[in-house]
Amino acid sequence: MTLSDRKKKILYSLVDDYIVTAEPVSSKKIQEEHLPDYSSATIRNELSALESMGYLVQPHTSAGRVPSQKAFRFYVDQLMVTPLTQDEISAIEGHFTDKVSSMQEVMQKVAEVIAEVTHYTSVAVEDAVDKEIVQKIKLVKLSQGNALVLVVSDRNVFKDHIIDIPSNLTEEDLEKVNGWLNKLFTPKKLEELKSLDLNEILDDELLALRGLFAEVLDILKEVSNKKQEIITQGASQILDYPEYSDKDNAKQFLQTIEQKQKLAKMFTSQGDGMELSIKIGREEDVNLPDGCSLVTAKIGLNNSSYGNIGVIGPVRMDYKKVVSVLDHMGRLIEKLLSEEE
């Protein structure tokens, strides 16, 4: 059944109030603080109708009403995002004044800022490494007989590997080797390189350096198997909300945060092309803890996904603020990535 405009206004007011107070909301409070143009009797009748339609719950006969999961779903589907304050914008952008060197560093900062500004537990999940495209490979000679392997992908710089090289290799020879490495291994997805057979791609001219190419390929395969980066911040902030004053609820929530792979699955289970997703309670079979909601947003550049960011918190979440923060954060990350490119 479609809700009338009056029912919508009353429902929005009640949800807004409940998000702030976590207390049942009375018809008197709605009339005095939100909708003075409606009489208390009119609001009481509409609240009774909304309750019978499954949008509200009355914990006690004499108490006010609280929104049901159905009410929160209606509320977020009709959500009007409110702009961030200048202080909030400054708090977000102040963390990104220095140049970032990798996607992992971006995600770490993002998680910290979201937790700080929203006061909920934040999660940042980088897309699987094996989807990255190798753009450049370079051997940097360190001393006689070894070199640093520098791998630049479309999202990261990997520089944690040192290999042995022929001791008689000159700088000129090294430049040729770098040219061959890039011809052999770029631009390719790391997942493609997992099944690459050197015997099929090396010609007679390069066979003498097969051992060196094999070492670099092993490094690329090792990088492709790197675990997905999953960052959480502000897990203890959930204890500030009355819903989690119950020890069992708090324990269940914190256990969920500790299970990083399950958490990553929750944050990356959006449909293709879905920029923003709000999941409430047990709906959509996301296996959320009781009384929790999840708000996630994809981040990336030029239609390429880099990962997902968002928050997990009580169903009584300030969705307007969370969505505003994620929207601003997404645009800021896009700008950073564009500058890096």
(message) Can you confirm whether E88 sits close enough to E93 that some side-chain heavy atom of one is under 4.5 Å from a side-chain heavy atom of the other?
(response) no
(message) I'd like to know if the side chain of Q233 and the backbone of S122 have a donor-acceptor N/O pair within less than 3.5 Å.
(response) no
(request) Using atom types as modelled and distance alone, determine if a side-chain donor or acceptor of S68 lies under 3.5 Å from a backbone N or O of G54. (result) yes
(request) Evaluate whether atom NZ of K136 has more than 12 neighbouring non-hydrogen atoms of other residues, nucleotides or ligands under 6.0 angstrom away. (result) no
(message) Using side-chain heavy atoms (C-beta onward) and a distance below 4.5 Å, is H95 in contact with V110?
(response) no
(request) Check for a donor-acceptor pair, side chain of K131 on one end and backbone N or O of L190 on the other, with a separation under 3.5 Å. (result) no
(request) Using the side-chain contact (heavy atoms from CB on, under 4.5 Å) rule, pick out the option among I299, V117, I92 that qualifies with M329. (result) I92
(message) Side chains of F72 and S293, heavy atoms from C-beta outward: is any pair under 4.5 Å?
(response) no
(message) Is any side-chain heavy atom of K29 closer than 4.5 Å to one of L14?
(response) no
(message) Do D130 and K194 have side chains that approach each other closer than 4.5 Å (heavy atoms only, starting at C-beta)?
(response) yes
(request) Please answer whether the main-chain N or O of T170 pairs with a side-chain N or O of D173 as donor and acceptor at a distance below 3.5 Å. (result) yes
(message) Does any part of the side chain of I137, heavy atoms only, come nearer than 4.5 Å to the side chain of T186, both counted from C-beta?
(response) yes
(message) Quick one, E222 and F158 - any side-chain contact, counting heavy atoms below 4.5 Å?
(response) no
(message) How about NZ on K188, more than 12 heavy atoms from neighbouring residues, nucleotides or ligands closer than 6.0 Å, or not?
(response) yes
(message) Do the side chains of R316 and E243 get close enough for a salt bridge, i.e. N-O under 4.0 angstrom?
(response) yes
(message) Could you tell me if the side chain of L139 sits less than 4.5 Å from the side chain of L212, heavy atoms only?
(response) yes
(request) Please report the closest heavy-atom contact between L294 and M266, naming both atoms and the distance. (result) CD2-O, 3.6 Å
(message) Under 4.0 Å between a side-chain nitrogen and a carboxylate oxygen: does that hold for K320 and D16?
(response) yes
(request) Anything under 30° is parallel, anything over 60° is perpendicular, the rest tilted; go ahead and classify Y75 against Y12. (result) perpendicular
(request) Could you label the plane-to-plane angle of the F213 and F185 rings as parallel, tilted or perpendicular, counting under 30° as parallel and over 60° as perpendicular? (result) perpendicular
(request) Dump the intermediate steps for side chain to side chain donor-acceptor pair (under 3.5 Å) on H34 and D17, then the final yes or no. (result) CA-CA 9 Å; H34 301 283; D17 200 281; 3.1 Å; yes
(message) Would you say D327 and S324 are linked by a side-chain donor-acceptor pair, where the criterion is simply a distance under 3.5 Å?
(response) no
(request) Could you walk me through whether L174 and E171 pass the side chain to side chain contact (heavy atoms under 4.5 Å, CB included) test, one step at a time? (result) CA-CA 5 Å; L174 198 60; E171 289 295 338; 4.1 Å; yes
